[in-house]
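Not measured: the values here are computed from a predicted model. Residue numbers start from 1 in every chain, and the chains themselves are labelled A, B, ... in the order their sequence lines are given, proteins ahead of strands.
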There are 2 protein chains.
Amino acid sequence: MLFSKTSAYGIRAVLYLSMQKGHPFVLIREIAENLNLSYHFLGKIFQNLSQGGLITSYKGPNGGVRLARKPEDIFVLDVVRVLEGMDLFTECVFGLDKCSDHFPCPLHHKWFRIRKEISEMMASTNFAQLALDTNTFDFRIKTVSVGTPI
Amino acid sequence: MLFSKTSAYGIRAVLYLSMQKGHPFVLIREIAENLNLSYHFLGKIFQNLSQGGLITSYKGPNGGVRLARKPEDIFVLDVVRVLEGMDLFTECVFGLDKCSDHFPCPLHHKWFRIRKEISEMMASTNFAQLALDTNTFDFRIKTVSVGTPI
DNA sequence: AAGTTTTAGGACTTCATTGTCTTAAATGTA
DNA sequence: TACATTTAAGACAATGAAGTCCTAAAACTT
């Protein structure tokens, strides 16, 4: 899996917020239930997203979290940067400190090309686009029955 | 880092064997020292490479490990397949079981394209090529002094 | 002011990966 | 046969990521 769980959950959560009509504060508990994630763990992720300036939070009744800006202006890369930093995009495939453009390891150039595509993909994909592609997709892991009980 | 440490070490070790003249049995201890890796951990990795048919091992004096076939016929993907399986190349970016070509998550298609490039890169890079690019690169993490002591 | 709701923050647990250690098995040598 | 050398294999320990829990702080309600 390309992302850490933290990033995967964070992206899914930001996507959830991106799909709200208007931009109301949404309960972290609601998001956790709908995405079938641990409430406490997601709370921690939102702490970081909030410190990173991607979402705004509000305590107390009618509080919750919401996007700090429009979905069009938040990119997948923003979430990844806040939640795991940019090491993923600068580190050697082998994890070697001394590998660099100037002194490349044997996979350096090939990996550089692919890594660039990954970061360009993330930098060019905003949450408004993602939200469009999400309408047909149920992000919950456990599928819930929606039929009328007999 | 794209690879797990296990895969990174495995690739470096196979590369080390690929750079030998002839195809002698080489001590795991020697490889571990030259690549600055844990001997025991590398031993375990070689167990798997051996079970996976990529290298041949021989016990006792003058024993060690060597490639099971020519470097030209071993590809990076072979090592990764043996050491971590192919999950990396089939799994959803978000880790969602139900995501599939037929029922794609919102990043499915973009990630599919990149994942394909990664696997094609690994499937087309053999260890003879890598060895050529390694002649100028010192794979040891700690650099050792090679000057004549005064 | 007292109590409720909600996020914030820190301490703690669990789990998978990474790394270490010890013993067993295979092979060679004297 | 006894002993040395080397990989094989399994048990164990350390680390870091993932996940849980509890208390504090902020905001609202009465």
Margin query: Tell me whether B:Lys110 is salt-bridged to A:Asp133, with the criterion being a basic N under 4.0 Å from an acidic carboxylate O.
Written below: no
Check: Between C:dG28 atom C1' and B:Phe25 atom CZ, what is the distance in whole Å?
Finding: 13 Å
Check: Whole Å only: how far is the CG atom of B:Asn36 from the P atom of C:dT18?
Finding: 18 Å
Next item on the list: Would you mind reading off the distance between A:Arg66 atom CZ and C:dT7 atom P, rounded to a whole angstrom?
Entry: 13 Å
Notebook entry, point to check: So do B:Phe41 and B:Thr6 actually touch side chain to side chain, heavy atoms under 4.5 Å?
Noted result: yes
Item checked: Side-chain (B:Glu33) to main-chain (B:Glu30) donor-acceptor, under 3.5 angstrom -> no
Checklist line | Out of C:dG28, D:dA18, C:dT5, whichever nucleotide has its closest atom nearest the side chain of A:Ser4 | finding: D:dA18
Next item on the list: Measure from CD1 on A:Ile28 to C1' on D:dG19 and round the result to the nearest Å.
Entry: 15 Å
Notebook entry, point to check: What does A:Tyr9 touch in the nucleic acid at a heavy-atom separation under 4.0 angstrom: a base, only the sugar-phosphate, or nothing?
Noted result: sugar-phosphate
Check: From the list C:dT7, C:dT18, D:dC28, which nucleotide is the closest neighbour of the side chain of A:Leu27?
Finding: C:dT7
Notebook entry, point to check: CG of B:Leu37 versus C1' of C:dG19: gap in Å, rounded?
Noted result: 11 Å
Next item on the list: Could you tell me the separation between the CD1 atom of B:Ile55 and the P atom of D:dT6, rounded to a whole number of Å?
Entry: 16 Å
Check: Rounded to the nearest 0.5 Å, how far does CD of B:Glu91 lie from CE of B:Met86?
Finding: 12.5 Å
Notebook entry, point to check: D:dC28 phosphate, OP1 or OP2: any side-chain N/O from A:Tyr58 under 4.0 angstrom?
Noted result: yes
Item checked: Spacing between A:Asn62 atom CG and D:dA26 atom P, to the nearest angstrom -> 19 Å
Check: Quick one, which residues of residues 38-48 of chain A touch DNA chain D with a heavy atom under 4.0 Å?
Finding: A:Ser38, A:His40, A:Phe41, A:Lys44
Notebook entry, point to check: OP1 or OP2 of D:dA9 sitting under 4.0 Å from any side-chain N/O of B:Gln51?
Noted result: yes
Next item on the list: Please figure out whether A:Thr6 or B:Arg29 has its closest DNA chain D nucleotide nearer the 5' end.
Entry: B:Arg29
Next item on the list: Examine B:Arg66 relative to B:Phe25 and say whether NZ or CZ is less than 6.0 Å from the centre of the six-membered ring and inside a 45° cone about the ring axis.
Entry: yes
Margin query: So if I take every side-chain heavy atom of A:Lys59 and compare against D:dA8, D:dG19, C:dT6, which nucleotide ends up nearest?
Written below: C:dT6
